[in-house]
Number of protein chains: 2
Amino acid sequence: MDYVMGAVNAGAMADLENPGGALSDDQIDLGVLPDLLGYNLRSAQLALQRSLSKAIPGGDPGSGIFGLLVLCAGNPGISQIQVARHLTIDKASVVALVDRGEESGWLQRRRAPDDRRRHGLFITPEGNAHLAQMKLRMRNCEHSFDALFAPEERQQLLTLLQRIRP
Amino acid sequence: MDYVMGAVNAGAMADLENPGGALSDDQIDLGVLPDLLGYNLRSAQLALQRSLSKAIPGGDPGSGIFGLLVLCAGNPGISQIQVARHLTIDKASVVALVDRGEESGWLQRRRAPDDRRRHGLFITPEGNAHLAQMKLRMRNCEHSFDALFAPEERQQLLTLLQRIRP
DNA sequence: TATTGTTATACTCTATAACTATA
DNA sequence: TATAGTTATAGAGTATAACAATA
């Protein structure tokens, strides 16, 4: 119950204390937010994402073209529905992604001979070259965040995050 | 260099081994993805977000109406630009959020008497009631993820995530 | 019937740029 | 000049639903 009523009471109290003046920026009360997994996940991801998208056009790992190319490079002939499953997005969302990759010349759809419903995805030499470049930039960018963690801390962060995955 | 070439070589090898047949779902090679902070952050957040948005309409903590109401409850008279700073989004993105909150009757804009450029934001009794309900649902939903962590693990996860914040 | 891919559509979140009113 | 808020616009990213081709 404390959890639920806390901010409400704080609000009522602050209301009496602050009938209209400006609030200084460092006295802002974040309430329950800092204790929520969702809030902290989102803040962290936004920070990393902004840094990545400055360093790498389309460089959000796991969404966007980067994750797709990694999967095609490691699993030639992977189907779109498998991409969807492993990037945890809908198969319909994969279509536009693959379209982009194909238009850019980084991958190809090839109708699978053994099951003509399936499109096998194959990375091209241009795709591999592009991916290698993206990986370099990605590594450099992630490296700038490594300073925040001791090596075993970084690993534990990854381990804990992976438990949340479906 | 291993880092960069790893998946490329794996790709070339797999290409020889797999000239067109289906790949089984559990032999998919995720390449460098599992070692990337960005990929793991995104997967974890997607998983949590999907769970939350089933339990709570508009319930992504920190984005959306929830974070806004928490800030208004704890800091009556907070300005929109302060909301933007603490939710780490642009001031332009705050406008639509506050519009929604005002239309729903959960908060009010009040022109600040000491600086007529500023809109102070104030939560309404209806907003407080709604927020209390959202917090209950949020707690229940986050609680279902707590099973994944020992108490000190959860705390360390939060601590590590907070280091990434700008 | 079930699966793979596709199209069409819409919604949320965020950003940028240009504007206003106030300071 | 600078700041707070607004408007207009655009771009990701994702989802759902309905559909075609194939199994």
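Hydrogens, waters and symmetry mates play no part in the numbers below; they use all other heavy atoms, side chains included. Reminder, nothing fancy here: chain letters follow the sequence lines and each chain counts from 1.
- The interatomic distance linking A/L97 (CG) with D/dG11 (C1') rounds to 15 Å, in whole Å.
- The CZ atom of B/R100 sits 13 Å away from the C1' atom of C/dT14 (whole-angstrom rounding).
- A donor-acceptor pair is defined here as one N or O able to donate and one able to accept, closer than 3.5 Å; no such pair exists between the side chain of B/S104 and the backbone of B/G101.
- Here A/L46 lies in heavy-atom contact (under 4.0 Å) with sugar-phosphate atoms only.
- B/R139 and A/D35 are not joined by a salt bridge, as no carboxylate oxygen comes within less than 4.0 angstrom of a charged side-chain nitrogen.
- One can place CZ of B/R118 at 17 Å from C1' of D/dT6, the figure rounded to the nearest angstrom.
- Between the side chain of B/Q82 and the backbone N or O of A/I28 there is no donor-acceptor pair closer than 3.5 Å.
- When rounded to the nearest whole Å, the span between CD1 of A/I78 and P of C/dT4 equals 13 Å.
- Here D/dT6 is the nucleotide among D/dT6, C/dT6, D/dT16 with the atom lying nearest to any side-chain atom of B/V95.
- Between A/R42 and B/Q49, the side chains place no donor N or O within less than 3.5 Å of an acceptor N or O (distance only, hydrogens not considered).
- The line from OG1 of A/T88 to CZ of A/R165 is 5.5 Å long, rounded to the nearest 0.5 Å.
- Partners of B/E153 under the salt bridge (Lys or Arg N to Asp or Glu O under 4.0 Å) rule, at least two apart in sequence or in another chain, are A/R163.
- Look at A/Q80 and you'll find a side-chain N or O under 4.0 angstrom from OP1 or OP2 of C/dT6.
- Atom CZ in A/R42 sits about 16 Å away from atom P in C/dT12, given to the nearest Å.
- Using modelled atom types, one side-chain atom of A/T124 and one backbone atom of A/G105 make a donor-acceptor pair closer than 3.5 Å.
- If you measure from atom CG of A/L23 to atom C1' of D/dA4, you get 15 Å, rounded to the nearest angstrom.
- D/dG13 atom C1' lies 13 Å from atom CD1 of A/I65, rounded to whole Å.
- The listed nucleotides are C/dT6, D/dT6, D/dT14; the one nearest the side chain of A/S93 is D/dT14.
- Put simply, B/R109 has a side-chain N or O that comes within less than 4.0 Å of OP1 or OP2 on D/dT6.
- In terms of position along DNA chain D, the nucleotide closest to B/Q82 lies nearer the 5' end than the nucleotide closest to the other residue of the pair B/Q82 and A/D90.
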Practice problem: Going 5' to 3' through nucleotides 18-23 of chain D, assign each nucleotide B (protein heavy atom under 4.0 Å from a base atom), S (under 4.0 Å only from sugar-phosphate atoms) or - (no protein heavy atom that close). | Solution: ---BBS
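- Between C/dT14, D/dT6, C/dA8, one nucleotide has an atom nearer to the side chain of A/A92 than all others, and that is C/dA8.
- Rounded to an integer number of Å, the gap from CG of A/L68 to P of D/dT14 is 12 Å.
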